[in-house]
Amino acid sequence: PMTRLPTLPQLGHLVAVAEHGHFVRATEACGVTQSSLSASIKGLELILVGILVDRSGRLAVLTPLGLGSVEREGDRFFAANFGGAGGAAQ
C-alpha cells in the first residue's frame with residue numbers, strides 16, 4: 001500500500017502554529033480560515049499517527065511529536081518554498 005506523506009501546505013501550517021503559538025495568529029499568517037488550518041493539522045496528525053498540537057489551553061503548544069515533525073520536515077518545507085535548507089542542522 002502507498003504511504004501518504006505530509007503535504008507542503010500541511011507542513012507550513014504546522015510551522016506557523018509553532019512560530020505563533022496560537023491558531024488564530026497562524027491562520028492570519030497563512031491566509032487561511034481557522035477551520036481550514038485546523039483540518040490541515042488534523043490531517044497531518046492522521047498521517048503521522050499522533051497528536052502534534054496540545055489544544056487544551058489558550059495557546060497552541062506543540063507536543064514532542066509536533067516538535068520533532070517541525071525539526072524533521074521543516075527543511076523540506078523551507079527548501080520547497082524558499083529554494084534552500086531551513087535552519088535545522090542535519
Side-chain angles (χ1 to χ4, degrees):
M2 185 178 209
T3 303
R4 285 186 55 207
L5 295 174
T7 65
L8 291 175
Q10 286 174 318
L11 296 174
H13 295 158
L14 184 62
V15 168
V17 170
E19 286 179 351
H20 296 280
H22 199 278
F23 271 84
V24 172
R25 290 187 198 115
T27 61
E28 291 167 354
C30 293
V32 297
T33 65
Q34 189 168 349
S35 61
S36 293
L37 185 107
S38 191
S40 177
I41 298 294
K42 284 195 178 289
L44 189 54
E45 289 175 331
L46 288 173
I47 292 168
L48 299 177
V49 192
I51 304 297
L52 302 173
V53 181
D54 178 358
R55 301 166 177 86
S56 62
R58 248 181 86 97
L59 299 178
V61 179
L62 266 59
T63 64
L65 178 61
L67 289 169
S69 297
V70 167
E71 289 173 1
R72 241 185 349 272
E73 300 292 343
D75 281 344
R76 185 170 80 112
F77 170 75
F78 286 106
N81 284 284
F82 305 109
Q90 295 288 326

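All values reported here derive from a predicted model rather than from experimental measurement.
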Under the side-chain contact (heavy atoms from CB on, under 4.5 Å) rule, what do Ile41 and Arg55 come out as? Steps first, then yes or no, please.
CA-CA 11 Å; Ile41 298 294; Arg55 301 166 177 86; 3.2 Å; yes
From [X] atom [atom1] to [Y] atom [atom2], the distance as rounded to the nearest 0.5 Å:
| X | Y | atom1 | atom2 | result |
| --- | --- | --- | --- | --- |
| Leu44 | Thr7 | CG | OG1 | 7.5 Å |
| Leu5 | Leu48 | CG | CG | 9.5 Å |
| Leu37 | Lys42 | CG | NZ | 11.5 Å |

May I have the step-by-step check of side-chain contact (heavy atoms from CB on, under 4.5 Å) for Val32 and His13, ending in yes or no?
CA-CA 9 Å; Val32 297; His13 295 158; 4.1 Å; yes
Considering non-hydrogen atoms only, spot the tightest contact between [X] and [Y] and give its length.
| X | Y | result |
| --- | --- | --- |
| His22 | Arg58 | CD2-O, 3.8 Å |
| Phe23 | Ser38 | CE2-CA, 4.2 Å |
| Gly12 | Cys30 | O-SG, 4.3 Å |
| Leu14 | Val53 | CD1-CG2, 4.1 Å |

Taking the side chain as every heavy atom from C-beta outward, state whether [X] and [Y] have any pair of such atoms under 4.5 Å apart.
| X | Y | result |
| --- | --- | --- |
| Gln10 | Leu52 | no |
| Leu65 | Ile51 | no |
| Thr33 | Thr27 | no |

Hydrophobic clustering (ILVMFWY, side-chain heavy atoms < 4.5 Å, transitive) - are Val70 and Ile47 grouped together?
yes
Val17 reachable from Leu59 in the ILVMFWY side-chain graph, under 4.5 Å edges:
no
